[in-house]
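We're numbering straight along the sequence, starting at 1. Just follow the structure's listing: the first ligand is 1, and inside any ligand the first atom is 1.
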Amino acid sequence: MRYNVIKDANNIINKSPYLVSNPEAYKNKWSSLFENDKPIHLELGMGRGEFIINMAKSYPNINFIGLELYDSQMVKAVDRLRGQNLPNLKLINADAKDIDKFFGKEIDTIYLTFSEPWPKKQDEKKRFTHESYLRLYDKIFKKHKHVILKTDNKTLFQYSLESLSKYWYTFEVVSLDLHHDERKIPNIMTDFEKNYDKTEKRPIYYLDARFED
Ligand SMILES: C[S@@+](CC[C@H](N)C(=O)[O-])C[C@H]1O[C@@H](n2cnc3c(N)ncnc32)[C@H](O)[C@@H]1O
């Protein structure tokens with residue numbers, strides 16, 4: 001199905017039972033929305049939702065929330081979810097910079113998958129591993145901090161390693177070639193990653209970073 005105008009996409013998104021159209025109303029109440037106390041994992045910039053949907057299918061004991069800014073991407077996720085029953089998945093159509101309006105200290109893990117690298121210096125603050133974002137994450141992590149990042153962009157990866165280290169995260173896993181890593185790191189591919197895997201020979205970088213008081 002094609003969506004030529006954003007208005008169509010917006011209508012379709014708003015009808016989805018997975019969409020939480022008023023995420024502010026659930027600040028500190030996401031467990032009651034999911035009707036259980038299972039951990040809550042959040043993906044920022046989920047795109048068309050391949051990763052978060054398959055994570056929700058694979059790990060029913062975890063609640064997942066996929067957040068995406070653009071209707072044109074979100075509508076593809078909504079399409080994919082038609083006819084499926086995943087009580088452990090919710091979607092938010094919003095800007096990641098507003099997450100502290102949507103969540104109190106209730107998130108266990110944040111996934112940053114193939115996020116925009118924002119290569120220009122003047123855009124550095126938009127990188128999801130910029131210190132301003134790490135401060136934002138502090139406001140929504142429940143107890144411990146846990147960030148999982150995948151990217152094909154070496155510069156963003158190096159930047160993220162540095163930024164997270166400066167912020168006292170330690171690294172449980174770092175892989176410079178996720179798809180060929182001998183440790184066989186469990187991995188559910190994103191849309192971007194699947195396409196990339198078919199066409200590109202460069203490696204996928206991966207990190208699992210934690211901060212525990
Ligand atoms: C390169 S795509 C990757 C999509 C998906 N994670 C994947 O791996 O297939 C980056 C996604 O992040 C979204 N995005 C960028 N900035 C965002 C923001 N500030 N808030 C929410 N989503 C954002 C884009 O719209 C896009 O869908």
Side-chain angles (χ1 to χ4, degrees), residues 3 6 9-10 12-14 16 18-24 40-59 64-81 89-103 107 109-120 122-137 139-140 147-157 159-160 163 175 177-179 185-200 202-208:
Y3 303 101
I6 292 295
N10 193 266
I12 292 161
I13 292 164
N14 282 317
S16 171
Y18 290 92
L19 183 83
V20 179
S21 58
N22 53 345
E24 294 90 347
I40 302 177
H41 292 195
L42 169 68
E43 184 186 15
L44 300 182
M46 65 151 192
R48 300 169 179 196
E50 174 86 358
F51 173 75
I52 204 80
I53 293 169
N54 284 323
M55 288 294 278
K57 286 181 188 167
S58 303
Y59 301 99
F64 292 92
I65 301 172
L67 182 143
E68 168 58 44
L69 180 57
Y70 292 109
D71 291 5
S72 59
Q73 300 299 296
M74 176 65 85
V75 77
K76 302 272 170 49
V78 163
D79 251 1
R80 273 187 175 148
L81 282 164
L89 177 64
K90 301 286 176 205
L91 304 178
I92 299 177
N93 194 191
D95 196 319
K97 70 177 171 50
D98 293 325
I99 48 174
D100 59 335
K101 296 177 187 151
F102 311 148
F103 305 106
I107 299 298
T109 298
I110 292 179
Y111 300 102
L112 308 175
T113 55
F114 299 86
S115 312
E116 261 91 3
W118 296 110
K120 291 184 186 157
Q122 71 258 30
D123 290 329
E124 190 186 333
K125 280 193 171 167
K126 296 179 187 167
R127 295 177 198 155
F128 284 167
T129 45
H130 184 269
E131 190 187 343
S132 56
Y133 268 102
L134 301 186
R135 286 189 194 285
L136 206 52
Y137 305 159
K139 294 185 185 177
I140 69 167
V147 173
I148 293 182
L149 177 147
K150 295 196 268 187
T151 182
D152 60 304
N153 188 293
K154 191 175 182 180
T155 310
L156 178 68
F157 190 67
Y159 173 88
S160 301
S163 182
S175 176
D177 190 354
L178 176 62
H179 293 178
I185 299 161
N187 185 39
I188 286 187
M189 286 209 220
T190 75
D191 275 301
F192 188 93
E193 189 174 356
K194 277 188 177 168
N195 285 336
Y196 183 90
D197 197 45
K198 277 187 220 147
T199 54
E200 301 284 340
R202 285 180 289 133
I204 301 294
Y205 303 97
Y206 172 93
L207 66 80
D208 176 327

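- The backbone N or O of Glu68 sits less than 3.5 Å from a side-chain atom of Asn93, completing a donor-acceptor pair.
- For ligand 1, the atoms lying closer than 4.0 Å to a non-hydrogen atom of Thr190 are 7 (C), 8 (O), 9 (O).
- For Glu193, the closest heavy-atom approach to ligand 1 does not fall below 4.0 Å.
- Protein heavy atom in closest approach to atom 25 (O) of ligand 1: Glu68 OE2, 2.6 Å.
- Within the 4.5 Å cutoff, the side chain of Thr113 has heavy atoms near those of the Lys150 side chain.
- Atoms of ligand 1 lying under 4.0 Å from any heavy atom of Leu67, numbered from 1 in the order shown and given with element: 21 (C).
- Remark: ligand 1 atoms within the under-4.0 Å shell around heavy atoms of Ala94 are 20 (N), 21 (C).
- The backbone N or O of Leu156 lies less than 3.5 Å from a partner atom in the side chain of Asn153, making a donor-acceptor pair.
- If you check which protein heavy atom lies closest to atom 22 (N) of ligand 1, you get Leu69 N, 3.3 Å.
- Of all protein heavy atoms, the one lying nearest to atom 2 (S) of ligand 1 is Phe114 O, 3.8 Å.
- Residue-to-ligand polar distances keep Tyr70 apart from ligand 1: every N/O pair is separated by 3.5 Å or more.
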Please walk me through it: do Phe103 and Ile65 pass side chain to side chain contact (heavy atoms under 4.5 Å, CB included)? CA-CA 11 Å; Phe103 305 106; Ile65 301 172; 3.6 Å; yes
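- No side-chain N or O of Asp191 forms a donor-acceptor pair with one of Asn195 less than 3.5 Å apart.
- Atom CZ of Arg127 sits in a crowded spot, with more than 12 heavy atoms from other residues, nucleotides or ligands closer than 6.0 Å.
- Residue contact check: Gln73 has heavy atoms under 4.0 Å from atoms 27 (O) of ligand 1.
- The pair Glu116-Lys126 does not meet the salt-bridge criterion, since no charged nitrogen lies less than 4.0 angstrom from a carboxylate oxygen.
- Closest to atom 9 (O) of ligand 1 among all protein heavy atoms lies Phe192 N, 2.9 Å.
- Ring geometry for Phe64 against His41 counts as perpendicular: the plane angle is over 60°, on a 0 to 90° scale with 30° as the lower cut.
- No donor-acceptor distance shorter than 3.5 angstrom exists from the side chain of Ser163 to the backbone of Tyr159, with no hydrogens or angles considered.
- Checked against a 3.5 angstrom limit, the closest N/O atoms of Ser115 and ligand 1 fall outside it.
- Looking only at distances, no side-chain donor or acceptor of Glu50 sits under 3.5 Å from a matching main-chain atom of Thr190.
- Closest to atom 11 (C) of ligand 1, if we only count protein heavy atoms, is Gly45 O, 3.6 Å.
- Using a 4.0 Å cut-off to heavy atoms of Asp191, the atoms of ligand 1 that qualify are 9 (O).
- Judged by distance alone, with hydrogens and angles left aside, the side-chain atoms of Ser160 form no donor-acceptor pair with the main-chain N or O of Thr129 at under 3.5 Å.
- At a 4.0 Å cut-off, at least one heavy atom of Phe128 sits close enough to ligand 1 to count as contact.
- Note: an N/O pair closer than 3.5 Å links Ala96 and ligand 1 by distance alone.
- Taking atom 10 (C) of ligand 1 as the reference point, the nearest protein heavy-atom neighbour is Glu116 OE1, 3.4 Å.
- Interface atoms of ligand 1 facing Asp95, defined by a heavy-atom separation under 4.0 Å, are 18 (C), 19 (N), 20 (N).
- Every N/O-N/O distance between Lys97 and ligand 1 stays at or above 3.5 Å.
- The shortest separation from a heavy atom of Glu43 to ligand 1 is under 4.0 Å, placing the residue in contact.
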